[in-house]
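To start, the structure itself, in structure tokens.
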Number of protein chains: 4
Amino acid sequence: MCPPSSTGAVRGRPRREGVSDAVVTALVRLVATHGYAGTNLDAVARTAGVAKTTLYRRWPSKGALAVDALATTLGAPPVGGVDAADDIHRAVDWLAQRVRDLEVRRLLVGLVAEAGVDDDVRRALRRRLRDPVAERLVDRWGLEPGEVDLAVDLVVGTLLHRLALNGEITAEDAERVTRIVTGLVDR
Amino acid sequence: MCPPSSTGAVRGRPRREGVSDAVVTALVRLVATHGYAGTNLDAVARTAGVAKTTLYRRWPSKGALAVDALATTLGAPPVGGVDAADDIHRAVDWLAQRVRDLEVRRLLVGLVAEAGVDDDVRRALRRRLRDPVAERLVDRWGLEPGEVDLAVDLVVGTLLHRLALNGEITAEDAERVTRIVTGLVDR
Amino acid sequence: MCPPSSTGAVRGRPRREGVSDAVVTALVRLVATHGYAGTNLDAVARTAGVAKTTLYRRWPSKGALAVDALATTLGAPPVGGVDAADDIHRAVDWLAQRVRDLEVRRLLVGLVAEAGVDDDVRRALRRRLRDPVAERLVDRWGLEPGEVDLAVDLVVGTLLHRLALNGEITAEDAERVTRIVTGLVDR
Amino acid sequence: MCPPSSTGAVRGRPRREGVSDAVVTALVRLVATHGYAGTNLDAVARTAGVAKTTLYRRWPSKGALAVDALATTLGAPPVGGVDAADDIHRAVDWLAQRVRDLEVRRLLVGLVAEAGVDDDVRRALRRRLRDPVAERLVDRWGLEPGEVDLAVDLVVGTLLHRLALNGEITAEDAERVTRIVTGLVDR
DNA sequence: TTCTAATCGAGACGGTACGTCGTGTCTTCTT
DNA sequence: AAGAAGACACGACGTACCGTCTCGATTAGAA
């Protein structure tokens, strides 16, 4: 979560502990309150009790920091389904649940938007969000990569778009999406 | 498409004709070139040969103007399917096709992002994009509104998210999504 | 005070009576409240219950209107001194008194400033303010024009500058200026 | 002349040297060319090779910057007269001379106008222009403060008003004003 | 009575400046 | 090195005001 120093060197003053956590926490809270675009890094630094310099030393941009924060807040997907269908079910449920958290929601919507503009954010988002889930399904259950990719996009995209246009998402919606995706991938 | 004057009566100097069209055209072109975030209203006004004040007189914000522009560029969904499945097929194909247009893509991605920040944009986007398609399927074929809503969000959301994360969308993707949605709605 | 129609013609709809008065009154009041620069013609028109078009049909610019308003508010200098010294005394007293009126003060300060930028205003101000007083002293008492001009500028300039820097002017100040000018012009 | 940083301590990046000078120089030149009202801060910043934000970080408004610029351009009044009359003579001559400089003239006229609107400008103008001259005459020659204040206003006000209404000022005018003021203050 | 011309209300329009905000970089001193 | 503090460049934002314009609707005297 906390990005390593650019040089692996142990020379010089070590990074103060807890700083990255404080920054991520501050950003998550501010984004939940004012939205992604409405959150500026000066405020994040001030809230975290840290100088802006420190912030830019650890992350290259607002987007990179936010991706990090999203990954932290989102947590890891569940593991240990008994078969592919079960795994998919768990993953979709977990995602639908997490997305109903305001913090996750605001971050995710803001970042997907940013991904449309900033290529770095797009790559980071893909690597940190889609790939972990997809790789697991491919490696463990031998599902076809193309299908899985589409399935993930279908889940995330649908839920997100629903949020963007409705501002809300119901348990029933999540259930439906689960069914669709299970049917799609699991033959 | 062109926003109406505040008063319905024809008092005062009438709005110059063609101005709204010129502005929308300019915005669409600039967004296609520089992206949504990279397009500023000064440039839009200059390109349209119009003063910035005029622009702000007709639309309250960049987002509202862009929603208008998107609706114009997107055009109307196809009509005249022989049954519900056919209608859905046509609608999804049309949407997938339109979304592959750079202009539509850039506008749509930018606006969905904006919808996460600006409630007015969210409402406008919903009213101008989802409702027309959904209403048709509900009114004409008697489909269940909740199902249709989800279906539309699934199509748009999936395609959009795919665009955001991949930067591309293939004909095969569109075909798959069509199949899923047809199966979903058409019992 | 009320400017005549551009053409002397009697054809067409006659100007509505009382309009110019209402406009001048509105401007004087607004300038007294918000200062010259802080007063905009839209507000003047609205306050006077008149369209901006009407206003610009009667006066060519904000400055011209304000000069008119100043002349109206200022009124005519006193006449009928028994000798030159008496005339001067009366004129200075009158001016000092009028300048202590907030309305006159704000207008005058604003207009002298405008005169530094706008040549039309400068000429108008000169013709409407200085020339009447000066001509009288020259024509009636045979004073030397150059001296009188300087004397008028000295009175107005001193009082105005004092106002500009102090925001106030005392009766004693006026008395002193009177003495200086009387001694200056009356040999 | 150059406004101090907000904190007295030397924390953070120090202000770039020469920036304030460059800005003042740019403003003086532009005001001399286009007048006070015709000079905009974008152009000042561009001419000085500086960002507009930097400019607003150092001065709170156009007026404050202009007061600074005026003080710099005006320079210090002459010192070292053999008696009060001599000092006054020198001061008036100096002022009349400086005022004939286009740069000083334009700035002064514009600022006195601004003083009528902006109280901060009024106070600054008073402190930076009148007080230095007045204090010297009071402290050194024991002249009565009230008299001196009026005398200064008389000189500046008369010359300025003359400029505003005539657009010019002659050597003879300056000589006359000198005589009046000398007689006024020097008993 | 019809024609003609000026006036009024309402508001759109072009142009220009304003002051503010946010990102990411840079510079200095301190730890 | 890392951190705190804050200056800086750049670029966009939305607003305000001036003076011009274009309408439809009046309102008179002239034909």
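Naming convention: chains lettered A, B, ... in sequence-line order (proteins, then strands); numbering from 1 in each chain. The structure displayed is predicted, hence computed values, not measured ones. What you see below is based on every heavy atom in this structure, not just the backbone, and it leaves out hydrogens, waters and symmetry mates.
For the OP1/OP2 pair of F/dA2 and a distance below 4.0 Å, the side-chain nitrogens and oxygens of A/R58 include no atom meeting the criterion. The side chain of C/R57 places an N or O atom within less than 4.0 Å of a non-bridging phosphate oxygen (OP1 or OP2) of E/dC8. Between F/dA9 and D/R16, a contact under 4.0 Å exists linking OP1 or OP2 to a side-chain N or O.
With sequence neighbours left out, C/A26 forms a side-chain contact (heavy atoms from CB on, under 4.5 Å) with C/V44, C/T47, C/A48. For B/D120, the side-chain hydrogen bond (donor to acceptor under 3.5 Å, both in side chains) criterion is met by B/R123, not counting sequence neighbours. D/R122 pairs by the salt bridge (charged side-chain N to carboxylate O under 4.0 Å, His left out) definition with D/D119, not counting sequence neighbours. Residues forming a salt bridge (charged side-chain N to carboxylate O under 4.0 Å, His left out) with C/R126 (at least two apart in sequence, or on another chain): none. For C/A124, the side-chain contact (heavy atoms from CB on, under 4.5 Å) test picks out C/V67, C/R127, with sequence neighbours left out. Residues satisfying the salt bridge (charged side-chain N to carboxylate O under 4.0 Å, His left out) test with B/K52, not counting sequence neighbours, are B/D42.
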Just distance, no hydrogens or angles: give the donor-acceptor pairs under 3.5 Å from side chains in residues 33-41 of chain C, sequence neighbours left out.
from, atom 1, to, atom 2, distance (Å)
C/T33, OG1, C/R29, O, 2.8
C/H34, ND1, C/L30, O, 3.4
C/T39, OG1, C/L30, O, 3.3
C/T39, OG1, C/G35, O, 2.7

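Rounded to a whole Å, the NE2 atom of A/H34 is 15 Å from the C1' atom of E/dG22. Nucleotide E/dT7 holds its P atom 15 Å from the CD atom of C/E17, rounded to whole Å. To the nearest angstrom, C1' of F/dA12 lies 13 Å from OH of B/Y36. Between A/W59 atom CH2 and F/dA2 atom P there is a gap of 13 Å when expressed in whole angstrom units. Taking atom CZ of residue C/R15 and atom C1' of nucleotide E/dG9, one finds them 16 Å apart after rounding to whole Å. D/L55 places its CG atom 13 Å from the C1' atom of F/dA9, with the value rounded to the nearest Å. What separates CZ of B/R46 from P of F/dG11 is a distance of 12 Å, to the nearest Å.
Note that the CD atom of C/E103 and the OG1 atom of C/T25 stand 9.0 Å from one another [nearest 0.5 Å].
As judged by a 4.0 angstrom heavy-atom cut-off over every strand, A/V19 is placed among residues making no nucleic acid contact.
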Could you pull out the protein-nucleic contacts involving nucleotides 17-19 of chain E (nitrogen or oxygen on both sides, under 3.5 Å)?
from, atom 1, to, atom 2, distance (Å)
E/dC18, OP2, D/L41, N, 2.8
E/dG19, OP2, D/Y56, OH, 2.2
E/dG19, O5', D/Y56, OH, 3.2
E/dG19, N7, D/K52, NZ, 3.0
E/dG19, O6, D/K52, NZ, 3.3

With the sugar-phosphate defined as primed atoms, P, OP1 and OP2, and the base as all remaining atoms, what B/S/- string results for nucleotides 22-31 of chain F, 5' to 3', for protein heavy atoms under 4.0 Å?
BB--BB--S-

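Here the side chain of B/R106 pairs a donor or acceptor atom with the backbone of B/A32 at under 3.5 angstrom.
The residue among A/A51 and C/G63 whose nearest nucleotide of DNA chain F is located toward the 5' end is A/A51.
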